[in-house]
Each structure stands twice: as structure tokens, then as C-alpha cells.
Asks: 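I am attaching a structure below and will ask some questions about it afterwards.
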Amino acid sequence: MSVAPLAALLRESQPCVVLTGAGVSTESGIPDFRSASGIWADVDPFEVASIHAFLSNPERVWSFYRARIHSLLAAEPNAAHHALAELERRGLVCAVVTQNIDTLHTRAGSREIVEVHGSIRTAVCRGCGTEETLEGVLAQLDERPAPICSACGAILKPGVVLFGELLPAGAMERATELARGAELMLVVGSSLEVWPVAGLPLEARALAIVNRGPTALDDRALLKVDAPAGETLIAVVEALD
Ligand code: NAD
């Protein structure tokens, strides 16, 4: 696999904004969304990860998220996360927009991150807006089936976008602004099937994709690398040395 064209494109097309999806974290042992071994292979997302489920049975939703949070915290950033953080340090990536809730970009050292689907780092009260830290949420979950708001006593909602919820307006605005200002959007590990995030690459001047398998925007990309994200991005960093 030659990554020289991707490295050259990255050098020539600045600013570059990266958009990542579940595929950037599979090499950390976190299953993606649509594969046969994916998260929803055995469990119906509508029953455990939708706003409808949260409103009708928040304890069930928290039982799912408690296990999910612990498995995400046990995962480590992989070569792809580290390579993206290194590209930002070198001034070749100005921001990472991610659909992932796992916080692995932060843990790898990326600094400019927009989490368009929220993250596990907080839980929020839908009544009064109070936020609770991850540490506080986990401490409460050791005591009771669902964490409650310290201000008003309502049951907190995980700080992730549940099915049926709108995306956080501020994060989407920031992501759109970044995409519009980008000379290049580099998509890593996303099937680009989940809207509105899948529309972001169309706002940038040019698109490059690193993804195993097809994406919805392959025919719009200047360059597509169909290979694992970790080895590809490490090779790009080395090619830029
Ligand atoms: P997706 O599952 O639709 O697409 C992931 C893509 O990555 C697939 O095309 C897959 O073939 C590819 N892929 C898998 N492993 C790869 C690798 N090692 N290298 C390169 N490509 C690889 O995921 P999506 O587009 O992110 O959309 C799914 C939604 O589910 C997102 O909204 C996201 O919020 C959520 N999700 C998040 C996590 C997480 O936080 N880690 C995990 C699963 C799902």
C-alpha cells in the first residue's frame, strides 16, 4: 500500500480537518456499528439507546451504558488516534470532528476535538441542565441503578446523543464551520451513512477517505485508501518525516 499520495495531499491541502467514526476505534477493540460483530448484533438499540427507551425505562438504558462506559474506559487509543494527534502537533491537522463517544482522541493527545454525538465524559439533567462528571456518574452507579441530578433529583441522561435525539447544535455548528473552512477533509473509519454528519465532507473543498470497505461518498473523494486506519496513518506520518 502506498500512502505517498495521501501524505502529499495532506501537505499541500491546508487547513485539513479530520472526521472520524467507529472504524478509527475498532483497532482498540471497540466494535463498530454495522458489522456482524457490531454493538447492535445482539441488542436492539431502540430498547437501550434511544430517547424513547430513556423516557420509559431509564434504568434499563443506564444498565446498558454502565457496561458500555466500563468497556470504553478499558480500551486504549490505537495507532490511528496517536497518528492523528501527531499530525495536529505538526500543524497538518487543525481539528478532529468525531462521531465517537469513547474519548480516545483526547486520551491520545488530540487537542481540537468536536464530539458531534456527545461523549461518555458527562451525564446531563434534562430538567435543569446540570451536568455530572463521569467519575460522579460511576460512583452513583455503584449505589443505584441510575444516577440522579445533584440539583433537582431527576434521573440524569448519558451525555451521548441517543437515537431519536437532535445533535447538539453548538457542536454541529462548529463542525460545519470547520468543514467550510477546510481545504481538505480527511475521513477515517466512517461509513458516512449517518446524517447529518455524513454531509460535512461535502462542505470542504476536497475529500480524502481512509476506510476499510465502501462509504457513501467514495465517488466524491479525490483519494480513497481502503486499508486499516492505524497502519495507514502511521505510514502517512512516516512518509512526512
Ligand atoms: P459505521 O460502523 O457505520 O462505519 C465504520 C466504518 O469503519 C465501516 O465502513 C468499517 O468497515 C470501517 N472500519 C472498521 N474498522 C476499520 C479500521 N480498522 N480501519 C479503517 N476502517 C475501518 O460507523 P460510523 O460511520 O461512525 O457511524 C456509526 C455511529 O455509531 C456513529 O454515529 C458513532 O457515534 C456510533 N459509534 C461509536 C463508537 C465509538 O465511540 N467508538 C462505536 C460504535 C458506534
Side-chain angles (χ1 to χ4, degrees), residues 1 3 6 18-46 48-51 64-65 67-84 96-108 110 113-122 134 158-168 171-172 175 185-202 207-218 221 223-236:
M1 168 192 57
V3 297
L6 180 56
V18 173
L19 171 63
T20 66
V24 82
S25 294
T26 54
E27 292 167 52
S28 296
I30 301 170
D32 64 10
F33 195 56
R34 293 192 165 68
S35 58
S37 58
I39 301 176
W40 311 124
D42 320 313
V43 52
D44 179 352
F46 194 75
V48 294
S50 69
I51 188 65
F64 171 76
Y65 271 98
R68 179 134 166 79
I69 288 170
H70 280 294
S71 78
L72 295 180
L73 291 178
E76 293 294 334
N78 66 54
H81 300 103
H82 288 300
L84 291 173
V96 177
V97 176
T98 188
Q99 300 167 84
N100 296 345
I101 61 165
D102 56 32
T103 73
L104 290 182
H105 287 301
T106 306
R107 288 167 57 198
S110 285
I113 304 168
V114 183
E115 290 165 327
V116 283
H117 289 168
S119 84
I120 58 170
R121 75 182 87 241
T122 56
L134 178 56
V160 305
V161 175
L162 299 176
F163 289 95
E165 279 194 300
L166 291 175
L167 268 54
M172 255 332 264
M185 178 159 273
L186 171 62
V187 172
V188 182
S190 176
S191 62
L192 295 174
E193 281 176 17
V194 180
W195 284 76
V197 174
L200 288 174
L202 301 175
L207 168 63
I209 298 174
V210 175
N211 196 67
R212 258 184 15 208
T215 83
L217 294 182
D218 283 354
L223 199 150
K224 162 87 189 277
V225 180
D226 192 327
E231 65 185 63
T232 305
L233 294 179
I234 286 293
V236 167

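This chain uses plain numbering: 1 for the first residue, then up along the sequence. Computed from a prediction, not measured in an experiment: that's the story for all the values here. Counting convention: from 1, in listed order, for ligands and their atoms alike.
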Asks: Quick check on contacts: which atoms of ligand 1 are under 4.0 angstrom from a heavy atom of Thr26?
Replies: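 The atoms of ligand 1 under 4.0 Å from a heavy atom of Thr26 are 14 (C), 15 (N), 16 (C), 17 (C), 18 (N).
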
Asks: Do Met172 and Leu166 make a side-chain contact, defined as non-hydrogen atoms from C-beta onward lying under 4.5 Å apart?
Replies: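 Met172 does not reach Leu166 side chain to side chain.
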
Asks: Which of the atoms in ligand 1, numbered in the order shown and given with their element, are less than 4.0 Å from a heavy-atom of Val194?
Replies: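 Those atoms are 27 (O).
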
Asks: Arg68 near ligand 1, heavy-atom distance under 4.0 Å?
Replies: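 It does, in that a heavy atom of Arg68 comes within the 4.0 Å cut-off of ligand 1.
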
Asks: Quick one: does any side-chain atom of His117 pair with a main-chain N or O of Val161 as donor and acceptor, under 3.5 Å?
Replies: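 Side chain of His117 to backbone of Val161, a donor-acceptor pair under 3.5 Å: no, none is there.
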
Asks: Under a 4.5 Å cut-off applied to non-hydrogen side-chain atoms, are Ile30 and Leu104 in contact?
Replies: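 Yes, side chains in contact.
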
Asks: Taking only heavy atoms of Ser25 into account, list the atoms of ligand 1 that are under 4.0 Å away from them.
Replies: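 By the 4.0 Å cutoff, the relevant atoms are 41 (N).
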
Asks: Could you state the interatomic distance from CG (Asp226) to OG1 (Thr232), rounded to the nearest 0.5 Å?
Replies: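 Spacing of CG (Asp226) from OG1 (Thr232) equals 9.0 Å.
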
Asks: Just how far is it from atom CG of Leu186 to atom CG of Leu233, taken to the nearest 0.5 Å?
Replies: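 With rounding to 0.5 Å, CG (Leu186) is 6.5 Å from CG (Leu233).
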
Asks: Can Ala198 be said to touch ligand 1, with heavy atoms closer than 4.0 Å?
Replies: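 No, Ala198 has no heavy atom closer than 4.0 Å to ligand 1.
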
Asks: Can you confirm, on distance only, whether ligand 1 has an N/O atom lying under 3.5 Å from any N/O atom belonging to Ala22?
Replies: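 For ligand 1, there is an N or O atom that lies under 3.5 Å from one belonging to Ala22.
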
Asks: So for Pro31, does at least one of its heavy atoms come nearer than 4.0 angstrom to any atom of ligand 1?
Replies: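 The answer is yes, since Pro31 has a heavy atom less than 4.0 Å from ligand 1.
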
Asks: Out of curiosity, Leu19 CG to Met185 CE, how far, rounded to the nearest 0.5 Å?
Replies: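 Rounded to the nearest 0.5 Å, the CG-CE separation comes to 5.5 Å.
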
Asks: Under 4.0 Å from a heavy atom of Ile30: give me the atoms of ligand 1 that qualify, with their elements.
Replies: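 Answer, ordered by atom number: 41 (N).
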
Asks: With a cut-off of 4.0 Å, which atoms of ligand 1 are near a heavy atom of Ile101?
Replies: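 Answer, ordered by atom number: 40 (O).
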
Asks: What distance separates Leu72 CG from Ile101 CD1, expressed to the nearest 0.5 Å?
Replies: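 It is 5.5 Å, given to the nearest 0.5 Å.
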
Asks: Applying side chain to side chain donor-acceptor pair (under 3.5 Å), which residue pairs with at least one partner in residues 67-76 are found, sequence neighbours left out?
Replies: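 Qualifying pairs, neighbours excluded: none.
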
Asks: Distance under 4.0 Å to a non-hydrogen atom of Ala227: what atoms of ligand 1 satisfy this?
Replies: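 In order of numbering, the contacting atoms are 19 (N), 20 (C).
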
Asks: Please state whether Gly213 comes within less than 4.0 angstrom of ligand 1, counting heavy atoms only.
Replies: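 The answer is no, since Gly213 has no heavy atom less than 4.0 Å from ligand 1.
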
Asks: With respect to atom 16 (C) of ligand 1, which of Gly23, Gly21, Ala80 exhibits the smallest heavy-atom separation?
Replies: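 Looking at heavy atoms only, the winner is Gly23.
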
Asks: To the nearest 0.5 Å, what is the distance between NE2 (His81) and CG (Asp102)?
Replies: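 Here the interatomic distance stands at 5.5 Å.
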
Asks: For Pro228, take its heavy atoms, then give the atoms of ligand 1 lying under 4.0 Å from any of them.
Replies: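 Near Pro228, the atoms of ligand 1 are 19 (N).
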
Asks: I want to confirm something. Looking only at heavy atoms, which of Val187, Asp32, Asn211 is nearest to atom 7 (O) of ligand 1?
Replies: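 Heavy atom nearest to atom 7 (O) of ligand 1 belongs to Asn211.
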
Asks: Can you find a pair of side-chain heavy atoms, one from Leu73 and one from Leu134, that are under 4.5 Å apart?
Replies: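 Touching, per the 4.5 Å side-chain cut-off.
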
Asks: Check whether any heavy atom of Glu27 sits under 4.0 Å from an atom of ligand 1.
Replies: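 Glu27 counts as a contact of ligand 1 under the 4.0 Å cut-off.
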
Asks: For ligand 1, note which part of Asp102 has a heavy atom under 4.0 Å away: side chain, backbone, both or neither.
Replies: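 The part of Asp102 near ligand 1 is both the backbone and the side chain.
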
